[in-house]
Amino acid sequence: MKMANWCVRAIRQSSSIIASPSLVRATPRLLCTAAQQKSSGTGTEEENGAQKPEPGAAEKAFTEEKMQLEEQLKDVTDKYKRALADTENLRQRSQKMIDDAKLYGIQGFCKDLLEVADILEKATESVPKTEVSAANPHLKNLYDGLVMTEVQIQKVFKKHGLVKLNPDSQKFDPYEHEAVFHAPVEGKEPGTVAVVTKVGYKLHGRTLRPALVPLRGEVQYVDN
């Protein structure tokens with residue numbers, strides 16, 4: 001019974017302390033003070049974060065070194081591209097020289113053979129056609145052999161890109177023809193090849209020997 005009375009008194013005293021007006025008034029003050037401290041602390045952190053520290057000497061040196069390296073990289077890249085372009089141009093020129101050597105390497109040899117072809121042509125033209133008959137078998141066989149030889153040598157020329165130029169009755173072309181003199185020829189327009197005194201040749205489209213031709217009237221060049 002005594003224990004129960006003591007518990008009741010303890011509960012009543014605790015309730016009176018909690019309900020004390022001074023304690024109630026102090027609690028809002030404590031809360032306001034905590035809120036102000038929290039607000040003040042937050043503002044200080046924001047202000048500290050907004051102020052960036054000035055870069056030091058090490059950071060400035062790093063930035064300058066970075067800019068120098070970027071400039072060096074740009075310069076080296078430009079030189080590398082130029083070197084690649086020069087190398088490609090050199091390769092193309094070298095390849096063209098090789099191709100030209102393959103095409104025109106026999107130019108000197110062809111020029112020497114042209115004299116042989118000219119002699120064969122003159123030989124066949126000098127034989128009178130009336131004498132080439134069965135009545136003269138030796139001459140006929142010789143003539144036929146010369147003709148066959150001339151035909152065969154022209155086939156060999158054509159196989160290696162050597163083409164005959166016979167510009168009879170064509171317009172004069174200074175890149176393929178060489179005028180030796182002017183001659184009045186009836187039925188020919190001025191600047192026209194009157195007759196071919198010596199045929200020309202082209203090797204893979206390049207004039208190896210111009211055709212020797214007389215002209216009628218004034219020279220009129222062909223536009224290329």
Side-chain angles (χ1 to χ4, degrees), residues 85-224:
D86 293 340
T87 304
E88 180 63 19
N89 292 335
L90 178 60
R91 187 193 67 80
Q92 292 179 358
R93 288 196 299 269
S94 301
Q95 186 63 40
K96 187 177 185 305
M97 291 175 63
I98 293 173
D99 295 339
D100 290 344
K102 291 179 179 179
L103 291 177
Y104 306 109
I106 59 173
Q107 182 171 321
F109 180 66
C110 290
K111 281 186 177 181
D112 294 337
L113 285 180
L114 294 184
E115 300 298 330
V116 179
D118 293 338
I119 293 173
L120 286 174
E121 185 178 3
K122 293 295 181 182
T124 54
E125 290 177 355
S126 62
V127 178
K129 301 300 184 291
T130 55
E131 298 293 333
V132 181
S133 62
N136 196 348
H138 297 290
L139 180 61
K140 185 177 185 301
N141 292 336
L142 179 61
Y143 177 78
D144 291 342
L146 290 174
V147 172
M148 291 174 61
T149 304
E150 184 182 6
V151 171
Q152 185 62 31
I153 199 171
Q154 290 298 328
K155 287 182 179 179
V156 174
F157 285 173
K158 189 175 182 180
K159 178 181 177 181
H160 293 280
L162 192 60
V163 181
K164 182 189 287 187
L165 295 176
N166 191 358
D168 189 17
S169 301
Q170 297 180 8
K171 287 291 185 180
F172 180 79
D173 186 353
Y175 296 99
E176 297 181 356
H177 312 149
E178 182 179 344
V180 291
F181 58 88
H182 295 271
V185 180
E186 295 182 0
K188 300 285 186 179
E189 296 181 0
T192 304
V193 175
V195 65
V196 179
T197 58
K198 192 173 185 179
V199 295
Y201 284 89
K202 294 179 72 174
L203 180 62
H204 295 291
R206 179 187 294 180
T207 301
L208 182 62
R209 187 183 74 183
L212 301 181
V213 296
L215 297 177
R216 181 187 184 279
E218 297 180 355
V219 178
Q220 294 181 354
Y221 295 101
V222 177
D223 295 332
N224 288 333

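Here the structure is a predicted model, which is why all the values come from computation and not from measurement.
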Roughly how far apart are [X] [atom1] and [Y] [atom2], rounded to 0.5 Å?
{"X": "Lys96", "Y": "Arg93", "atom1": "NZ", "atom2": "CZ", "result": "11.5 Å"}
{"X": "Ser126", "Y": "Tyr143", "atom1": "OG", "atom2": "OH", "result": "9.5 Å"}
{"X": "His204", "Y": "Asp99", "atom1": "NE2", "atom2": "CG", "result": "11.5 Å"}
{"X": "Leu120", "Y": "Glu115", "atom1": "CG", "atom2": "CD", "result": "11.5 Å"}
{"X": "Thr130", "Y": "Asn136", "atom1": "OG1", "atom2": "CG", "result": "10.0 Å"}

Spell out, as yes or no, whether a donor-acceptor pair under 3.5 Å connects the side chain of [X] to the backbone of [Y].
{"X": "Asn141", "Y": "Pro137", "result": "yes"}
{"X": "Thr207", "Y": "Tyr175", "result": "yes"}
{"X": "Thr197", "Y": "Leu212", "result": "yes"}

Identified side chain to side chain contact (heavy atoms under 4.5 Å, CB included) counterpart of Glu121 within the set Leu146, Val199, Val116: Val199
Considering non-hydrogen atoms only, spot the tightest contact between [X] and [Y] and give its length.
{"X": "Ala123", "Y": "Val127", "result": "O-CG2, 3.3 Å"}
{"X": "Leu103", "Y": "Leu203", "result": "O-CD2, 4.0 Å"}
{"X": "Asp168", "Y": "Val195", "result": "OD1-CA, 4.2 Å"}
{"X": "Pro167", "Y": "Val213", "result": "CG-CG1, 4.0 Å"}
{"X": "Ala134", "Y": "Lys140", "result": "N-CD, 4.3 Å"}
{"X": "Tyr201", "Y": "Ala117", "result": "OH-CB, 4.0 Å"}

Side chain to side chain contact (heavy atoms under 4.5 Å, CB included) evaluation trace for Val163 with Phe157: CA-CA 7 Å; Val163 181; Phe157 285 173; over 6 Å; no
Glu88-Gln92 side chain donor-acceptor pair, cut-off 3.5 Å: yes
Lys111 side chain reached by Leu208 side chain, heavy atoms, under 4.5 Å: yes
Trace of the side chain to side chain contact (heavy atoms under 4.5 Å, CB included) decision for His160 with Val156: CA-CA 7 Å; His160 293 280; Val156 174; 3.9 Å; yes
Criterion side chain to side chain contact (heavy atoms under 4.5 Å, CB included) on Arg209 and Asp118, from CA distance to verdict: CA-CA 12 Å; Arg209 187 183 74 183; Asp118 293 338; 2.7 Å; yes
Residues Leu114, Leu162; criterion side chain to side chain contact (heavy atoms under 4.5 Å, CB included); working and verdict: CA-CA 10 Å; Leu114 294 184; Leu162 192 60; 3.8 Å; yes
NZ/Lys129: more than 12 non-hydrogen atoms of other groups inside 6.0 Å: yes
Inter- and intrachain pairs under salt bridge (charged side-chain N to carboxylate O under 4.0 Å, His left out), touching residues 194-203, at least two apart: Glu176-Lys202
